[in-house]
Amino acid sequence: MRQFSVLTLIDAQMNHYSPAEGRVADYVLENPTTTLNLTTKQLAKRCQCSEATIIRFCQRVGINSFKELKIELAKDAHKVNNEQLPNLPVNFEDDTEAVLEKVMSKSMSALMNTSRLVSSSAIDEAAEAIHGAKRVFLYGAGGSSVVALDAQYKLLRIDISALFSLDSHVQMVMATNMTKDDVLFVVSTSGQTKEVVELMQIAKDKGAAVILLTQHGSSPASRLADILLTISVEEQHIRIGTMSARIAQLAIVDAMFIRLCIQKGNQVFERIIDTHNVIQKIKR
């Protein structure tokens, strides 16, 4: 099974570092073994930055300290020596077995890297906001709509008023009717989509709380969000259906949903059983 790789995560986020952090990333990627033997002060000197920058860099990749970073680098070195994990794009020459292996590997990498980046407190905040909301509006453009729809289905199962539309114009109309008692849950992998940013701004103007599920890094949408749920950056260039991003997003939605169920108490499981029984009757 593919495990968390700090080098993969550092490389995937190259577009999101400050200039000083970028120098640290470049050095670590080019000299992972040498980095293992350096102190924070020595690495800072080689990267022409402050020791505080080293710490911020570590936190940027979901690691609390330089010592922990070196532990993860050592694990990566061990994995390189013992197994070659596929991390290559799909090629036209690939047979089905190779495609399956690459897709599974990429999905597992996204899940492991996201687990190091997403904030557990942010998941709690998102669950609490939805728990206390009068209505929850959901939106996702393109491939992200699949994740938003999944979240809507889960919320409806536990009797939460969840409103979703694939039509951005309809969603804008719904947003104009939001109040401070409502929550907007948005899924946007890039955080750059114009319709998403406009929708979030309308919701904020109406006083609604805005939850954003997006990839790690600064974006117009992330700067507007009240609660930010982040996945790792796995697909930087041409994306085939944002496959690994979608897997990570669905996992975050599942975690948030379970936390929400725990907050609502035992009665929520009765609703889940009731909805299950209704669906089973239809299948007969």
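Bear in mind the structure is a predicted one, so any value in this text is a computation, not a measurement.
- With hydrogens and angles left out, the side-chain atoms of Gln171 and Asp167 include no donor and acceptor closer than 3.5 Å.
- Ser219 places no side-chain N or O within 3.5 Å of a backbone atom of Gln192 that could act as its donor or acceptor partner.
- When atom types are taken as modelled, the side chain of Glu21 and the backbone of Ser18 share a donor-acceptor pair closer than 3.5 angstrom.
- Between the side chain of Thr179 and the backbone N or O of Asp181 there is at least one donor-acceptor pair closer than 3.5 Å.
- In this structure, the separation between CD1 on Ile231 and CZ on Arg246 is 11.0 Å, given to the nearest 0.5 Å.
- In the hydrophobic clustering of this structure, Val210 does not group with Phe164; members are Ile, Leu, Val, Met, Phe, Trp, Tyr whose side-chain heavy atoms approach within less than 4.5 Å, directly or through other members.
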Exercise. Can you check side-chain contact (heavy atoms from CB on, under 4.5 Å) on Val103 and Val99, steps first, answer last?
Worked result: CA-CA 6 Å; Val103 169; Val99 169; 4.2 Å; yes
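- In the hydrophobic cluster analysis, where Ile, Leu, Val, Met, Phe, Trp and Tyr join through side-chain heavy atoms closer than 4.5 angstrom, Phe185 is grouped apart from Ile202.
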Problem set entry | Derivation and outcome, side-chain contact (heavy atoms from CB on, under 4.5 Å), residues Arg223 and Ser218 | CA-CA 7 Å; Arg223 289 189 286 272; Ser218 179; 2.6 Å; yes
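- A 6.0 Å sphere centred on CD of Gln48 holds no more than 12 heavy atoms belonging to other residues, nucleotides or ligands.
- Between Val183 and Ala133, the shortest heavy-atom distance links the atoms CG2-CB, 3.6 Å.
- Distance check, rounded to the nearest 0.5 Å: NE2 of His169 to CE of Met174 gives 13.0 Å.
- Lys154 places no side-chain N or O within 3.5 Å of a backbone atom of Asp254 that could act as its donor or acceptor partner.
- Every residue two or more places apart in sequence or in another chain was checked for a side-chain hydrogen bond (donor to acceptor under 3.5 Å, both in side chains) with Thr176, and none qualifies.
- The line from CG of Leu138 to OG of Ser145 is 11.5 Å long, rounded to the nearest 0.5 Å.
- Contact of the Leu29 side chain with the Met14 side chain is registered, since non-hydrogen atoms from C-beta on lie closer than 4.5 Å.
- A chain of hydrophobic side-chain contacts below 4.5 Å, direct or via other Ile, Leu, Val, Met, Phe, Trp or Tyr residues, connects Leu149 to Ile160.
- With hydrogens and angles ignored, the 3.5 Å screen pairs no side-chain donor or acceptor of Thr53 with any backbone N or O of Cys49.
- Screening residues 126-136 for side chain to side chain donor-acceptor pair (under 3.5 Å) gives Arg135-Asp182 as the qualifying pairs, with residues at least two apart or on separate chains.
- Looking only at side-chain heavy atoms (C-beta outward), Gln215 and Ser232 stay at 4.5 Å or farther from each other.
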Problem set entry | Derivation of the side-chain contact (heavy atoms from CB on, under 4.5 Å) call for Tyr27 and Leu38 | CA-CA 12 Å; Tyr27 186 89; Leu38 298 177; 3.9 Å; yes
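- Although no hydrogens or angles enter the test, the distance criterion places a donor-acceptor pair under 3.5 Å between the side chain of Gln42 and the main chain of Thr39.
- Within the 4.5 Å cutoff, the side chain of Ile55 has no heavy atoms near those of the Ser65 side chain.
- Residues Ile227 and Leu199 fall into different hydrophobic clusters, defined by Ile, Leu, Val, Met, Phe, Trp and Tyr side chains chained together at heavy-atom separations under 4.5 Å.
- Looking at every heavy atom in both residues, Asp226 comes nearest to Ala208 through OD2-O, 3.9 Å.
- At a threshold of 4.5 Å between non-hydrogen side-chain atoms, the residues Val196 and Val187 do not count as touching.
- For the pair Arg60 and Ile10, the minimum side-chain heavy-atom distance is 4.5 Å or more.
- Residues Ile158 and Cys261 form a side-chain contact, since some pair of their non-hydrogen atoms from C-beta on lies under 4.5 Å apart.
- When all heavy atoms are compared, the tightest approach of Lys102 to Asp94 is NZ-OD2, 2.9 Å.
- Among all heavy-atom pairs drawn from Leu117 and Val61, the shortest one is CD2-C, 3.7 Å.
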For this session: Report the C-alpha distance between Glu198 and Ser168 in whole Å, list the side-chain angles of each, state the deciding distance to 0.1 Å, and finish with yes or no for side chain to side chain donor-acceptor pair (under 3.5 Å).
Result: CA-CA 10 Å; Glu198 291 178 349; Ser168 61; over 6 Å; no
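- One finds the OH atom of Tyr139 at 14.0 Å from the CD atom of Gln152 (value rounded to the nearest 0.5 Å).
- Looking only at atom types and distance, the side chain of Glu125 has no donor-acceptor partner in the side chain of Ser119 under 3.5 Å away.
- Between Val24 and Ile54, the closest side-chain pair of non-hydrogen atoms falls below 4.5 Å.
- Neither Leu228 nor Ile123 shares a network with the other; the hydrophobic side chains, linked directly or stepwise wherever heavy atoms of I, L, V, M, F, W or Y lie under 4.5 Å apart, form separate groups for each.
- Here the shortest heavy-atom pairing between Leu36 and Lys70 reads CD2-O, 3.0 Å.
- Distance alone, capped at 3.5 Å, places no donor-acceptor pair between the Asn31 side chain and the Thr34 backbone.
- Contact annotation: the side chain of Ile211 never approaches that of Val186 to less than 4.5 Å [non-hydrogen atoms, C-beta and beyond].
- Going from atom CD1 of Ile130 over to atom NZ of Lys264 covers 10.5 Å, rounded to the nearest 0.5 Å.
- For Phe57, the ring-ring contact (aromatic ring centres under 6.0 Å, His included) test picks out Tyr17, with sequence neighbours left out.
- In this structure, CE in Met178 is found 11.5 Å from CG in Asp205, a value given to the nearest 0.5 Å.
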For this session: Please lay out, stage by stage, how Ser190 and Ser188 fare under the test side-chain contact (heavy atoms from CB on, under 4.5 Å).
Result: CA-CA 6 Å; Ser190 69; Ser188 175; 4.1 Å; yes
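- When all heavy atoms of Asn37 and Thr33 are compared, the closest pair comes out as ND2-O, 3.7 Å.
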